[in-house]
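Working notes for the structure below.
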Amino acid sequence: MAKLENVRTIDMVNGEITKIAYDGAEYVKVEEEAKVDDILLRVKNGITTQVTVGEFYEAHRNEGGNSDKVYYRDEGGDVMNSRSSNFVAFRKVNADITTVLAEVADRVTALEGRVDVLEGKDEELKEGDKVRISGASVYGRDSDGEYGTYQYADSDGEHFVKLDSGTGRYFFRRQLTKVDAPTQTITHNGAEYTLVDRKAQPGDVVVFTENSNSNFTKGKAYGTVYERGDALRVLDIEGIQRSLYHPTFKRTEANTLVYAPKAQSFQVGDYVKPLPSADSEYGITGGSMKLGKVKTVNSDLFYIEVVAHENSRIIGRELNVRTKHFRKATQEEVEAVTQPKTGDIVVITANTNGSRNAVGDIGKVGYTDGICANVDVPGKPKTPKVRGNWTILTEMRLATPAEIAKYEAAVADAEKPKLKVGDYAVVTGGSNGLTEVGDVARIVKDDNSSIPYKLEHTNGGYAGWKAAVNLRKATDAEVAKAKAPKLKAGDYVRALADGEYDDMLEGDLGKVEREDEYDEYSVKVRLLDGSDYDFFRPQDIELVDAETAQKAELFAKIGRKVDEFKKGDIVRYVPGETKIHGLREYPGIITEVEKIGWDGTILLREPAFVTSSYGMYTAVSELELLTPVESRVDRK
């Protein structure tokens, strides 16, 4: 059977039911596993949705099933396992139920009188009071749990209430409980919201005044609301998306307070944080952006600079976004992200304390006392005789990735270790007609003269001679970029690392579409099947020959790996290193794949005119796919 009807509560302790009556018998709560013929009270939601918290079900043994387990039937008639964590068991006891029920009736009458006093039922209501409804209206319309505004009492003692849903209905006085008016403004996740009289919309925050399941807490704010398909959704206490409105659990429009985002006034220089609604609107400036800074404001749009982000390569970008998806950051949030700490690379933005660090210098933060910090700038090291590199914390900012790279290059240049044969060096000056500033070359000889270093280009070509003053040791990244293949649109390449956005992965083959020399991830590559593309650093890809790529492209278009053959494929035999083969005397012959061997070799069908004592097993390297079996019209 499904849920039980006419189960009566006889006794409760601290709000928990301890004794019930059903079908002329009395049952008491037991602190042990349920047994057959017990009555089960659902107290917690589980996997099935056809069981209601607060309803009772009969425990029985599953017919033909495990005799040691107790089951019940849900409201759809299905037999379900009664998990002890989801139910409380009640067991039948011997008692005169008529006497018990009479005692209960007396207790209920007394309790109702006390509840009326506690809930203020004897309190006089006046026009405009906010009230909560219990039960149906005088004329039978279900209004249990709804809220409304008290209007007046008529001569028959019936009280007229205008419900928040907009409908006016009559109730008895005992059904009305005076409640405090809801808060007009709330703060949620750092943003302010204002109470509005309408149905919820994406971007709103909601407070449920009634809710009959454990996914939400009554009176707590949830949001922001978002739309999924045709339904409004909101995350519950565990971060799981749920339907906003759900009448079964009393989450109705009448029982839901709606708070709309309060309009904010932004100014240039304000720091901002994304609201949850930004996640569904933007990629870069969604929840992965930890802090942004307003650069320009134009009505409901502004440009923001990414100050802090989960992806450090994004920092410094400026994007045009709608103000409604952002809020002003608190001082604590700004300081948590922007306050430089020991080890950070920073840029000096001002110098009001006479520091020897100039505006624009890039250095590393050393010791800090919370107000100032030692900032060591390459070329201006702190020594016992040279001091004065203290800079006020508010007169520096965190460096961007490009500035950090510049700092690292400056450190390498300042330290300037003696170059040796085999090192790669970057040309910093001194034209010799064979190199340009920025070229990377390898040192192949050192004759200890005033111009000691003989250079060689990364392609092996002669690069002339250079003095030490016009060279610095190249970083690993600079060497890798210099050695990277020179690419052009249409080249076939293989990824040696994942792409910038992980849309292409290591080992994928693709075709170059363009290269932008001013971007670190400068090469745009599209997958051979055209389904997606990504960006790579030149050193993260390698050229592959057109034949290999075109072969991979052919297999990719039919959804197979390279050299993946199937039974029924039409192929051409191309003799290779295998000297003994039944088709060796018939190079270029076209036949059919008959079987795939356990070791990956292919068994070909032997044409009728071929007479050979040798086998037909063939290596994949000796086959050319002509027609995949999926494309054959002579086979189903």
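Basis for what follows: all heavy atoms, side chains included, without hydrogens, waters or symmetry-related copies. Numbering of residues begins at 1 and proceeds along the displayed sequence. Given the structure is predicted, the values throughout are model-derived calculations rather than measurements.
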Atom CG of Asn215 and atom CD of Glu238: how far apart are they, to the nearest 0.5 Å? 7.5 Å
Between Asp279 and Tyr282 (side chain of the first, backbone of the second, donor and acceptor by atom type, cut-off under 3.5 Å), is there such a pair? no
Counting neighbours of CG on Asp502 that are heavy atoms of other residues, nucleotides or ligands and sit closer than 6.0 Å, is the number greater than 12? yes
Give a yes or no answer on whether the side chain of Asp154 reaches the backbone of Asp156 with a donor-acceptor pair at less than 3.5 Å. yes
Hey, does the side chain of Asp38 reach the backbone of Ala59 with a donor-acceptor pair shorter than 3.5 angstrom? no
Close side-chain approach of Arg169 to Leu163, heavy-atom, < 4.5 Å: yes
Please tell me if the side chains of Tyr152 and Glu127 come closer than 4.5 Å, counting only heavy atoms from C-beta onward. no
Taking side chain as C-beta onward, heavy atoms only, is Leu232 less than 4.5 Å from Ser243? no
Other residues, nucleotides, ligands: >12 heavy atoms within 6.0 Å of Arg233 CZ: yes
Counting C-beta onward and ignoring hydrogens, is there a side-chain heavy-atom pair between Lys29 and Glu16 closer than 4.5 Å? yes
Answer yes or no: is there a donor N or O on one side and an acceptor on the other, between the side chain of Asp204 and the main chain of Gln201, under 3.5 Å? yes
Within-4.5 Å side-chain heavy-atom neighbours: Val88 and Leu40: no
Heavy-atom closest pair, residues Ala200 and Leu244: CB-CD2, 3.5 Å
Rounded to the nearest 0.5 Å, how far does CG of Asp498 lie from CZ of Phe536? 7.5 Å
Phe249 six-ring face occupied by Arg251 cation (under 6.0 Å, within 45°): no
Is there a donor-acceptor pair under 3.5 Å between the side chain of Asp534 and the backbone N or O of Met504? yes
Rounded to the nearest 0.5 Å, what's the gap from CZ on Phe266 to CZ on Arg327? Could you check? 9.5 Å
Do Glu124 and Lys126 sit within salt-bridge range, that is, some charged N less than 4.0 Å from a carboxylate O? no
Should we count CG of Asp197 as having more than 12 external heavy atoms under 6.0 Å? no
Backbone N or O of Glu395 within a donor-acceptor pair of the Thr349 side chain at under 3.5 Å? yes
Any side-chain heavy atom of Ile10 sitting closer than 4.5 Å to one from Ile20? no
Got Glu146 and Val161 here, is their nearest side-chain heavy-atom distance under 4.5 Å? no
Is it the case that the ring center of Phe216 lies less than 6.0 angstrom away from the ring center of Tyr222? yes
May I ask you to decide if Arg141's main-chain N or O and Ser143's side chain share a donor-acceptor pair within less than 3.5 Å? yes
Has Lys324 got more than 12 heavy atoms of other residues, nucleotides or ligands less than 6.0 Å from its NZ? no
Would you indicate whether Arg313, at its atom CZ, is surrounded by more than 12 heavy atoms from other residues, nucleotides or ligands within a distance under 6.0 Å? yes
Of the options Lys295, Arg397, Lys293, which is the one that meets Glu305 in a salt bridge (Lys or Arg N to Asp or Glu O under 4.0 Å)? Lys295
Using atom types as modelled and distance alone, determine if a side-chain donor or acceptor of Asp300 lies under 3.5 Å from a backbone N or O of Arg322. no
I need the Arg91 CZ to Ile39 CD1 distance, nearest 0.5 Å. 12.0 Å
OG1 on Thr149 to CG on Leu125, rounded to 0.5 Å: 11.5 Å
I'd like to know if the side chain of Lys220 and the backbone of Val207 have a donor-acceptor N/O pair within less than 3.5 Å. no
Grab the two heavy atoms, one from Tyr303 and one from Glu318, that are nearest each other, plus how far apart they are. CD2-C, 4.4 Å
Who passes side-chain hydrogen bond (donor to acceptor under 3.5 Å, both in side chains) against Arg317, sequence neighbours left out? none
Counting distance only, does the side-chain N/O of Lys328 pair as donor-acceptor with the main-chain N or O of Ser265 below 3.5 Å? yes
Lys178 NZ/CZ over Tyr150 ring centroid, <6.0 Å and within 45° of normal: no
Output the distance between atom OH (Tyr57) and atom CG (Leu4), rounded to the nearest 0.5 Å. 9.0 Å
Verify whether the ring centers belonging to His188 and Tyr259 lie closer than 6.0 Å. no
Any heavy-atom pair between the side chains of Met289 and Ile304 that's under 4.5 Å? yes
